Structures are given as C-alpha cells and as structure tokens.
2 protein chains.
Amino acid sequence: MGRTPSIDDEVLLRHLGEVFRHFGYEGASLTALSTASGLHRASLYHRFPSGKPGMAMAVLESVEQAFGTILAPLTSEDAPSVAVAEMARRVGTFYADGRLACVLDTMTLRGAPDEVRDRAARLATTWLTAMADVARRAGASAPEAARRARAALVHIEGSLVVARVLDDPAEFQLALDALPGTLTG
Amino acid sequence: MGRTPSIDDEVLLRHLGEVFRHFGYEGASLTALSTASGLHRASLYHRFPSGKPGMAMAVLESVEQAFGTILAPLTSEDAPSVAVAEMARRVGTFYADGRLACVLDTMTLRGAPDEVRDRAARLATTWLTAMADVARRAGASAPEAARRARAALVHIEGSLVVARVLDDPAEFQLALDALPGTLTG
DNA sequence: GTCTATATTTGGATAGAC
DNA sequence: GTCTATCCAAATATAGAC
C-alpha cells in the first residue's frame, strides 16, 4: 500500500489550483507550485507523472468536481430564483469573493497545452448548460435560456477580470447579486 | 542620426502587443516576441534596453495611445448614443472582432512586474472615466454614470474571455451592440 | 540598427537515497 | 512518498562584428 501522503489530494489540488489561477498556465512555475503546496518538485512529479500538464489537468478535474457541488442547487426542487441564489453563494465562495481568478480565463491563454484548453472549454459548456436548464425551468424558451446563460457567464468572468485589475472585488459581488435576475428573468 | 529602423515603432509594438495579449506577460517569450516581430532577440534588446518589462510597458503605452483614438468620439459633439456606437466600432477593430484578448486581462496576472500591472490598472481607469463622462452627458447622475461605465467594462472583458474559451467571437459582438444602451440608458 | 554568438539563469524533469 | 542532487532545455540577457 505504501506510505500515506503528507498532503491530502484535495488540499494539494486546491493549492496548485490557486497558483494556476493567479499566474496562468505558463506563469505557474514548478517552483511556485512547489512553494504553494509545500512539496518539493520531485514529489510533485511522483504525484503527477505526466508533469505540469498532468497537474493542470488534475486541477481542472478537481474544479469540475467542485462545480458538481456548486451547480447542484440548480437541479433541486427549489424555485429557480432560490436555486440560482444558492448557486451564486457557492460561486462566491469558490472564487474567494472575487480574489481568485477563473481557470477558464487564466488557463486558456495560448501556451497552455491543447488538452488543458479543451478541458476548460468543456467545463464552460457544462456550466452554461446547467444555467440554461434552470432558465428554461423558470419559463424561458430554449434560445432565450441559452442567451441568459451566456450573459450570466460573461458577467461573472468580466467581473472577475475587473475585480483583479482594479484590485476591488466589489464588482464581483454585484455580478453574483444580479445572477437570479439574469437567469430567471 | 544612426540607421533607420527596419520596422516602424508602431507596427513593432502592434506585433509585440499581440503576443502579450495571446500569451500573457510570462507566456510571452522573447522567442515568440522575436518571431512575431521579425526582429532577432538582440535587436529587441537594442530597441528596449530594459528588456521584456520595457517591451511590456511600451506596449501598454501604445495601447493607451490607441485608446486615445478609440475614446475620441466620446468627447465629440455627437449625441451620446451615436458617440458610444462609434467607440464600440473602434473597440471592435482594436480587439480584432473578439479574436484578441485584452491587455487588462492577460497582463495583470501575477508574475507580471508591478509597474506593468499598475499601468494596466491606470488604463482601465482612463477608460472607465471616459465612459462615465458620456453617461453623464446622456443624463445619468454621477454614481449612476460610474455604475454604467463599470458594467460596460465588465461586459466587454467578460465577452472577450467567453469568446476565447468557446472559440466563438459572437458574444463579443453582442457586447459591442449593447454598449450604447448600457451607457446612455 | 541588426545580426551571430554566447553567457547566465530559470524552468521542467529524472535518478536514486531514505 | 518525500527528499537531495542533478540533467537538459528554454528563457532572459549581453558582447561584439557588420
């Protein structure tokens, strides 16, 4: 069975994810990843035999898992606006109230491996589909629901960029507050 | 007087800017900058003695200049909605209809020198102020004008991120079309 | 001003001891 | 599973010829 890891997979991926989100794929050096996780470079390679691309993919997988939880309220029995409000709350936690960038933004710059960019795109699609579904449940037509979902994603991503640039997370909070209205009309 | 440059400063900075916007600050390698500009690395260092940070700063300066032109319609005699529509058209050209990311996004990731990130923040403020001014001219109160300007910036930045992630510039065009309404009410 | 050539540092990745 | 030590490639940067 071997030795037990000194750091749990979940917290390790959280630390690595923060580096990727702060620095982007290329900016996330092994040194930075090592420092943030407390593991030496060689240990990271033991955990991720395919190296930095593997770390990025594992981070994206863990983010997908996190989104499983974040999006869960959308398929609950609650009224759509209530469901979206709960999703917004969880989104806020995931982005540390606007202090953490989005992997969709920082890991899709050129230079990142194609598999990483593709996986990020898939994550975006998953998110969009879940938001469109709740918009439909709120009475929107299919094209209108898709439109609202994209508008919601645009609002969130844009607010994260502006929050980072201005070093003020206020705009992100406004985006979260607007989500129920945007999606459920 | 020395020799005349083989590449005009303006087109050189445009090429360098595209690399920074595609790859981010850290991802923009000297090799990539050299390839895109057609100048060898040593020649780039001759033009920019302070190296890559200097290139990034020069790019931001040139972007600020470009924004001088982009924002010029906002202070024209035209009706605010007409002025904003013309600004939107110029913004569309500057972002290559959504195929080019924004320096505010890609050059403000951690790893970029502080002076670069600070300069990007200043550019954002300039843009916000110009948009708030035209919103005021359209009859909005000061706080409402500021709110509209931030909403416009959030919309543009978010649409650029989504356009890149989904590899579909449609969302960016929608954001441009919405600008007059967002700013002038 | 641009080039070829080279120095120096950092980044990604492995080998092998514990 | 983690560590120290090391390798190799790539990145930033400089020197000097043309």
Side-chain angles (χ1 to χ4, degrees), chain A residues 1-60 106-107 109-117, chain B residues 1-20 22-59 106-107 109-117:
Chain A
M1 304 308 233
R3 240 159 98 179
T4 51
S6 68
I7 306 177
D8 184 65
D9 263 19
E10 192 188 308
V11 334
L12 173 57
L13 286 171
R14 193 158 41 76
H15 287 143
L16 298 182
E18 288 185 7
V19 175
F20 279 112
R21 289 162 78 179
H22 278 309
F23 291 85
Y25 179 83
E26 298 214 293
S29 67
L30 269 293
T31 303
L33 293 164
S34 165
T35 303
S37 63
L39 283 181
H40 284 230
R41 274 176 295 208
S43 306
L44 288 174
Y45 278 94
H46 177 77
R47 299 273 199 112
F48 306 97
S50 42
K52 186 167 149 177
M55 297 177 211
M57 289 300 280
V59 163
L60 284 179
T106 65
M107 292 177 80
L109 295 181
R110 280 227 251 269
D114 282 345
E115 56 172 355
V116 168
R117 302 172 66 190
Chain B
M1 307 310 229
R3 236 158 100 182
T4 51
S6 68
I7 306 177
D8 183 68
D9 263 19
E10 192 188 309
V11 333
L12 172 58
L13 287 171
R14 193 158 41 77
H15 287 144
L16 298 182
E18 289 184 7
V19 175
F20 279 113
H22 278 307
F23 292 85
Y25 178 82
E26 299 213 292
S29 68
L30 268 295
T31 302
L33 293 164
S34 165
T35 302
S37 64
L39 282 181
H40 284 228
R41 276 174 299 210
S43 305
L44 288 174
Y45 279 96
H46 176 78
R47 298 271 198 112
F48 306 97
S50 41
K52 186 166 147 178
M55 299 177 210
M57 290 300 281
V59 163
T106 67
M107 292 177 80
L109 295 182
R110 280 227 250 269
D114 282 346
E115 56 173 354
V116 168
R117 301 173 65 191

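Note on naming: letters A, B, ... go to the chains in the order of the sequence lines (proteins, then strands), and numbering restarts at 1 for each one. Predicted, not measured: the structure shown is a model, and the values here were computed from it. Note: hydrogens, waters and symmetry copies are ignored here, and every other heavy atom, side chains too, is used.
The two residues B:I7 and B:V11 make their nearest non-hydrogen contact at CG2-CG2, 3.2 Å. Between A:L16 and A:F48, the shortest heavy-atom contact is CD1-CE1, 3.7 Å. Shortest non-hydrogen contact noted between B:A58 and B:L13 is CB-CD2, 3.7 Å. When all heavy atoms are compared, the tightest approach of B:V19 to B:A28 is CG1-CB, 3.8 Å.
For B:A56, the side chain to side chain contact (heavy atoms under 4.5 Å, CB included) partners are B:F20, B:Y25, B:M107, B:V116, not counting sequence neighbours. Under the salt bridge (Lys or Arg N to Asp or Glu O under 4.0 Å) criterion, B:R47 pairs with B:D9, not counting sequence neighbours. Here B:R110 pairs with A:H22 under the side chain to side chain donor-acceptor pair (under 3.5 Å) rule; sequence neighbours left out. By the side chain to side chain contact (heavy atoms under 4.5 Å, CB included) test, A:T35 is found to be paired with A:T31, residues two or more places apart in sequence or in another chain being considered.
Among residues at least two apart or in separate chains, there is no salt bridge (Lys or Arg N to Asp or Glu O under 4.0 Å) pair with a member in residues 15-28 of chain A.
Within residues 23-36 of chain B, the residues that place at least one heavy atom under 4.0 Å from DNA chain D are, in residue-number order, B:A28, B:S29, B:L30, B:T31. Residues from residues 13-20 of chain B that place a heavy atom under 4.0 Å from any atom of DNA chain D: there are none.
Dashed line: the shortest gap from a side-chain N or O of A:Y45 to OP1 or OP2 of C:dA13 is under 4.0 Å.
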Counting only pairs under 3.5 Å, give me each side-chain donor-acceptor contact of residues 36-46 of chain A, with atom names and distances, residues two or more places apart or in other chains.
unit_1	atom_1	unit_2	atom_2	d
A:S37	OG	A:L33	O	2.8
A:S37	OG	A:S34	O	3.2
A:S37	OG	A:L39	N	3.3

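Rounding to whole angstrom units, CE of residue B:M55 and P of D:dA11 are separated by 14 Å. Between the C1' atom of D:dT4 and the CG atom of A:L44 lies a distance of 15 Å, rounded to the nearest Å.
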Interface polar pairs with nucleotides 2-4 of chain C, N/O, under 3.5 angstrom:
unit_1	atom_1	unit_2	atom_2	d
C:dT2	OP1	B:S6	N	2.9
C:dT2	OP1	B:S6	OG	2.8
C:dT2	OP1	B:R47	NH2	3.1
C:dT2	OP2	B:R47	NE	3.0
C:dC3	OP2	B:H40	N	3.0
C:dC3	OP2	B:S43	OG	3.0
C:dT4	OP2	B:H40	ND1	2.8

